[in-house]
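Just so you know, these numbers come straight off a predicted model, no measurement behind them. Lettering follows sequence order; numbering is per chain, from 1.
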Amino acid sequence: MTHFSQSVLEWYCKFGRKNLPWQKNKTDYTVWLSEIMLQQTQVSTVIPYYIRFIKTFPNLIKLANAEQDIVLHLWSGLGYYSRAINLHKTAKIIQKEYNGQFPKNIKAINALPGIGRSTAGAIISSVYNKTYPILDGNIKRILTRCFAIKGWPGEKKIENTLWKYAEKYTPQKNTDKYNQAMMDIGAMICTRAKPKCLLCPINQYCISYKKGNPLNYPSKKIKREKSVKKVYFTILQYKNLVWLEQRPTSGVWAGLFSFPEANNPKIESQLDSYKISYKDILQLTKLISFKHTFSHYQLYITPSLVKLSTLPIWKIEVHKGIWYDLLKPKKIGLATPIKYLLERLPCE
DNA sequence: GTCCTGAATC
DNA sequence: GATTCAGGAC
């Protein structure tokens, strides 16, 4: 084992995190679930979601047999909803094709929806203590700083280099502890801003520390202007009921419910397509516009509230959706801005 | 390139 | 208050 890895392991014994919710009563299921939630998401954000999720679905079979809407409901607000859809898919695959037993070899795990090389490595090292490297954002930050690796880590060439380093330093023994330690060091010591280099167990190996420039790493992505999109939501409300439609299983807010939307501000055309007659409108209010920023574009949302005096009935299958009861909300997936709007609607 | 959000930072 | 940033799979 390298001195580098030895230092990492010694640090873990003293300072590593060992009491996170998914580290108690650890099983393949809890590790898998937490690793999926932790993709692109920080620990403090995940904890309440994880606890609620595990309460509702204490094991894989419960999850496999669940309605997708319930799964998305529990994921609402966590973002990257394809993670939830893939999680559910994977549960069903394991139930059907693996007899309910989580596969134990890396290739089979890696082939499951939503599990890439790093997550597969994290699961198999954490649950079975097999020797496989991981490479998440934390570890990329540590490695680029320690070995002064220039270039944006998202670039294929740089990522391959980083995997080489990850392989080289992942020890044969105690891989589980080492991988957890590296994630902890990345989250607690080798932070993006104000890294605590003096407390770092591997500062003696760290080139950027010696040079005094750890903040130069990792190199930043060359950023391009975010495109701007506009959308107009039509909020149809009759008493406590609000009309919501389910979005397709791909694209933004996959599988979540949302208001009817249009690309032009003319509320009339939207009302026409829903065959709403003006005599049924009690009140039509343009609500305050706001901005929602995605990783790849900005969305300006202008909602209009249309209060109706009768419950419209449109031809079946022309508009597929649900009348969402504000007083008895159905458990469905809702994106954050939709949840925000629904919470602020006055109900009668 | 496409997928999201809350926390950190300005 | 507005902007930036962290965080992997497909």
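Atom NZ of A:Lys156 is separated from atom P of C:dC10 by 12 Å (rounded to the nearest Å). For the pair A:Ile115 CD1 and C:dG8 C1', the computed distance is 12 Å after rounding to whole Å. Look at CG on A:Leu87: it is 17 Å from C1' on B:dC4, rounded to the nearest Å. Going from atom NE2 of A:His296 over to atom P of C:dA9 covers 18 Å, rounded to whole Å. When rounded to the nearest whole Å, the span between CH2 of A:Trp75 and P of B:dC4 equals 12 Å. Between the NZ atom of A:Lys339 and the C1' atom of B:dG6 there is a distance of 13 Å, given to the nearest Å. Rounding to whole angstrom units, CD of residue A:Gln39 and C1' of B:dC4 are separated by 13 Å.
Counting non-hydrogen atoms under 4.0 angstrom, A:Thr336 reaches the backbone sugars and phosphates but no base.
Side-chain polar atoms of A:Asp136 and A:Ser118 form no donor-acceptor pair below 3.5 angstrom.
The backbone N or O of A:Gly255 sits nowhere less than 3.5 Å from a side-chain atom of A:Arg247 that would complete a donor-acceptor pair.
In terms of position along DNA chain B, the nucleotide closest to A:Gly251 lies nearer the 5' end than the nucleotide closest to the other residue of the pair A:Ala193 and A:Gly251. Heavy-atom distances to DNA chain B give each of A:Tyr49 and A:Ser250 a nearest nucleotide, and the one nearer the 5′ end belongs to A:Ser250.
A sub-4.0 Å separation between OP1 or OP2 of B:dT5 and a side-chain N or O of A:Tyr81 is present.
Using cut-offs of 30° and 60° on the angle between ring planes, the pair A:Tyr165 and A:Tyr169 is parallel.
Nearest nucleotide to the A:Thr119 side chain, out of C:dG8, B:dT9, B:dT5: C:dG8.
Taking the six-membered ring wherever Trp is involved, the centroid distance between the rings of A:Phe259 and A:Tyr324 does not fall below 6.0 Å.
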